[in-house]
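As structure tokens, the structure follows; a few thoughts come after it.
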Amino acid sequence: MKRVILIGYMGAGKTTVGRALAKELGLQFYDLDWYIENRRRKKVSQIFSEMGEDNFRKIEQAMLHEVAEFEDVIISCGGGTPCFFDNIDYMNQQADVVYLKAEPDVLYKHLLMSKNERPLLKGKSADELVAFITEQLAYREQFYNKARYTLDISLMDNYEKIAVTIDKLRQMLSI
Ligand code: S3P
């Protein structure tokens, strides 16, 4: 039985890599944000604005406990998922957890285009975005660093590099 959970900051490519890895291995892929949106019939951004972040985190934890029971799956989490409650310890019990690590400047480049879809980044100027990513990543790394595996994906910027990342992950996890 295989169960892999990808964690890391927003814009690290968790969904892209997770989907590609699952396809290559013939496993089911779950993105936790999409799973939440399906189960609650609301966008994550709507849950944030209507119910507040604290309630989003409770829902996120409950949904994590559902998907992390599934077998033969690749799961990508939200950037904040490992950083609340005992979520990272629970993930480590349930799965092979991989931290997709990237430097703030790489994350910034990835996030610039899509920042308005993300409630925590919405409306920030370019300067504010860099400062926010740098500061929040510095805080969150204590949780991300608890993952059993870490893969630096700072160089993963095109499809060829995604393929390299998938190969590295497969070697690392022997899958
Ligand atoms: C969040 C990351 C988002 C989503 C929510 C909060 C965070 O997921 O769960 O907007 O706290 O970092 P992605 O990392 O997939 O963007």
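Every heavy atom of this structure was used, including side-chain atoms; hydrogens, water molecules and symmetry mates were not. For ligands, and for the atoms within them, numbers begin at 1 and follow the listed sequence.
Of all atoms in ligand 1, numbered sequentially from 1 with element shown, those under 4.0 Å from a heavy atom of Gly79 are 2 (C), 7 (C), 8 (O), 12 (O), 13 (P), 14 (O). Each of the atoms 7 (C), 11 (O) of ligand 1 lies under 4.0 Å from some heavy atom of Leu120. Near Arg118, the atoms of ligand 1 lying under 4.0 angstrom from a non-hydrogen atom of the residue are 16 (O). Shown in contact with Arg57 at under 4.0 Å from a heavy atom are these atoms of ligand 1, numbered in order with element: 6 (C), 7 (C), 11 (O). Heavy-atom contacts of Pro119 reach the following atoms of ligand 1: 10 (O) (cutoff under 4.0 Å). Listed by atom number, the atoms of ligand 1 under 4.0 Å from Gly78 heavy atoms are 8 (O), 9 (O), 14 (O).
Considering backbone and side-chain N/O of Tyr9, none are found under 3.5 Å from N/O of ligand 1.
In this structure, Lys14 is part of the shell of residues with a heavy atom less than 4.0 angstrom from ligand 1.
Between Arg39 and Glu66 the shortest side-chain heavy-atom distance falls below 4.5 Å. A 4.5 Å side-chain heavy-atom check between Leu100 and Tyr144 finds every atom pair outside the cut-off.
Placement of Ile5 and Met10 within a single hydrophobic cluster is found when ILVMFWY residues are connected by side-chain heavy-atom separations under 4.5 Å, directly or transitively.
Protein heavy atom at the shortest distance from atom 15 (O) of ligand 1 is Asp33 OD2, 3.4 Å. Protein heavy atom at the shortest distance from atom 12 (O) of ligand 1 is Arg140 NH1, 2.7 Å.
Of all non-hydrogen atoms in Ser45 and Pro119, the two that sit nearest each other are CA-CG, 4.0 Å.
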Pairs under 3.5 angstrom only: tabulate donor-acceptor contacts from the side chains of residues 68-83 to other protein residues two or more places apart or in another chain.
{"unit_1": "Asp72", "atom_1": "OD1", "unit_2": "Lys2", "atom_2": "N", "d": "2.9"}
{"unit_1": "Ser76", "atom_1": "OG", "unit_2": "Asp31", "atom_2": "OD2", "d": "2.9"}
{"unit_1": "Thr81", "atom_1": "OG1", "unit_2": "Glu60", "atom_2": "OE2", "d": "2.8"}
{"unit_1": "Thr81", "atom_1": "OG1", "unit_2": "Gly78", "atom_2": "N", "d": "3.0"}
{"unit_1": "Thr81", "atom_1": "OG1", "unit_2": "Gly78", "atom_2": "O", "d": "3.0"}

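Among residues at least two apart or in separate chains, salt bridge (charged side-chain N to carboxylate O under 4.0 Å, His left out) pairs with a member in residues 134-146 are Asp89-Lys146, Lys101-Glu141.
Comparing Gly13, Gly80, Ser114, Ser45 against atom 1 (C) of ligand 1, the shortest heavy-atom distance belongs to Gly80. Comparing Leu137, Ile36, Val44 by heavy-atom distance to atom 5 (C) of ligand 1, the nearest is Val44.
Classified by interplanar angle (parallel below 30°, tilted 30° to 60°, perpendicular above 60°), the ring pair Phe48/Phe56 is tilted.
Panel note: side chain Asp152, backbone Ala102; no donor-acceptor pair is recorded below 3.5 Å.
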